[in-house]
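What follows is a set of notes on a single structure, which appears directly below.
To find a chain, count down the sequence lines: A is the first, B the second, and so on, and within it residues start at 1.
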Number of protein chains: 2
Amino acid sequence: MDAALAEFTERGFEAARMEDIAKRAGISKGGVYLYFPSKTALLEALIEAKVTPLARLAQTIAANGANDPMAALRMIAAAAAHRLGDGKVFAVPRLVISVSGRFPEIAEYYRVHVVELARGALESLIQAAMAKGALRRVDPQAAARAFIGPILFEALWTHVLRGKSVLSDPEKLVQHHFDVWLNGVEHRA
Amino acid sequence: MDAALAEFTERGFEAARMEDIAKRAGISKGGVYLYFPSKTALLEALIEAKVTPLARLAQTIAANGANDPMAALRMIAAAAAHRLGDGKVFAVPRLVISVSGRFPEIAEYYRVHVVELARGALESLIQAAMAKGALRRVDPQAAARAFIGPILFEALWTHVLRGKSVLSDPEKLVQHHFDVWLNGVEHRA
DNA sequence: TGCAAATGACTGACCAGTCAGTTATATAAG
DNA sequence: CTTATATAACTGACTGGTCAGTCATTTGCA
């Protein structure tokens, strides 16, 4: 599956050759078909395998973070920056974006099992923080977007466009990001 | 080119058939080859054609907005939300993400001619606003990321994952977005 | 009548998926 | 421990179908 993910990311799903995937995994083409009935099945299995641990993670964080939501949010930002800084981790969402036109069911699967879960966890933490008076009352969806959007943008910039990146120093990214997210950019008199 | 963009987005670059593109454009397969020497050339021409007006736009905004940078920023956010709300407009960056692995030169072209320009324009506006005292002194890159990231996230959510969207009401999105961007989320005693 | 624009049947290359055959491993018998 | 047998894991040449790109022919227009 790691071999498949690498080939799919490098060449695109269509252009990736099963023989290359097999070679990369150290087996023969026929061998791949012992475990996956088709190229599409391999893609689906791959997404599913990478997604499952994420789903668990999101739920755990939301449950455990209710006591100190602000600390949990900071941890999430740091974890997200570190993980998305790794091209191999980001390869999965990148692949989902690539194939979403041709395989809407994969897009839906990813939305339901990753993004909706993560958004839900994030929003519930934000609302918990509001309830405790740590955050002002803003639209939770807007707050969640503002939380995750900039990190995602930096990941795209880095891995897709190969731009010079702040992600190489995730601590700094998170620090700046949290400063803006918490305090905004407006000058106060 | 519109036909090609649509087919590339729906099926992926590899899986898109030249005959389908031709049919969609109302000509024959051979006809396409009168104007574009190859499928790859069509892709490159398409990206280039869609990108050029954007580059001009970014420069114009940066130049004209220096007087009232805050108003310019608000306009940019509104324009970005409206445009990215349109699936046809978002199809271009989406396609770039899809093919970036196989065609790094397209990714680079897009980075240089769109994203770096836009980032540059955005950062110069933000710095102008800081100089005028309208914004506090934060890292301009972080401010620009916080500005554009959430809108990009919402576009991905809407068009790629087909999630229920706030982009259908871009005014509201921009209003919430600007509120958080300017004031942050932290509660003030 | 001449010329450019456009067509679509055709070809050569490519590759997902198959399967007859090979190798490796486990089990049983001598 | 060695040899024989059964079974599972794996291989890679092959096939059928697909499609980018070509070009002899047709269409439309001045």
For the pair A:Arg17 and A:Asp20, find out whether any cationic side-chain nitrogen is under 4.0 Å from an anionic carboxylate oxygen. yes
Please list, in 5' to 3' order, the outermost nucleotides of DNA chain C lying under 4.0 Å from any heavy atom of chain A. C:dC15 to C:dT18
For B:His113 and B:Tyr109, indicate whether the former's side chain and the latter's backbone hold a donor-acceptor pair under 3.5 Å. yes
SB check B:Glu10 B:Arg24 (cutoff 4.0 Å): yes
Given B:Arg145, which of A:Leu173, A:Val180, A:Leu152 fulfils the side-chain contact (heavy atoms from CB on, under 4.5 Å) condition? A:Leu173
Near-strand residues of residues 33-43 of chain A, defined as heavy-atom separation under 4.0 angstrom from DNA chain D: A:Leu34, A:Tyr35
Go through residues 14-28 of chain B and report each residue with a non-hydrogen atom lying under 4.0 Å from DNA chain C, sorted by number. B:Ile27, B:Ser28
Looking only at non-hydrogen atoms, find the nearest pair between A:Ala91 and A:Thr9 and report the distance. CB-OG1, 3.7 Å
Counterpart residues, salt bridge (charged side-chain N to carboxylate O under 4.0 Å, His left out), relative to A:Arg119 (two or more places apart): A:Glu123, B:Glu154
Both B:Gly30 and A:Phe13 contact DNA chain C. Which one's nearest nucleotide lies toward the 5' end? B:Gly30
Residues at least two apart in sequence or cross-chain that pass salt bridge (charged side-chain N to carboxylate O under 4.0 Å, His left out) with A:Asp179, listed by chain then number, are B:Arg136
Would B:Phe153 and A:Phe153 satisfy ring pair (Phe, Tyr, Trp, His ring centres under 6.0 Å), going step by step from the backbone distance to the final call? CA-CA 8 Å; B:Phe153 173 78; A:Phe153 173 79; over 10 Å; no
Using distance alone, with no hydrogens and no angle criterion, decide if B:Ser100 and A:Arg162 have a side-chain donor and acceptor under 3.5 Å apart. no
When Watson-Crick pairs (N1 to N3 and N6-O4 or O6-N4) and G-U wobble pairs (N1-O2 and O6-N3) count only below 3.5 Å on both distances, what is the dot-bracket string of DNA chain C, with | for other-strand pairs? ||||||||||||||||||||||||||||||
If you measure from the Lys or Arg side-chain nitrogens to the Asp or Glu carboxylate oxygens, is any gap between B:Asp68 and B:Arg74 under 4.0 Å? no
Ion pair check, A:Glu14 and B:Arg11, cut-off under 4.0 Å: no
Side chains of A:Val160 and B:Tyr110: closer than 4.5 Å at any heavy-atom pair? no
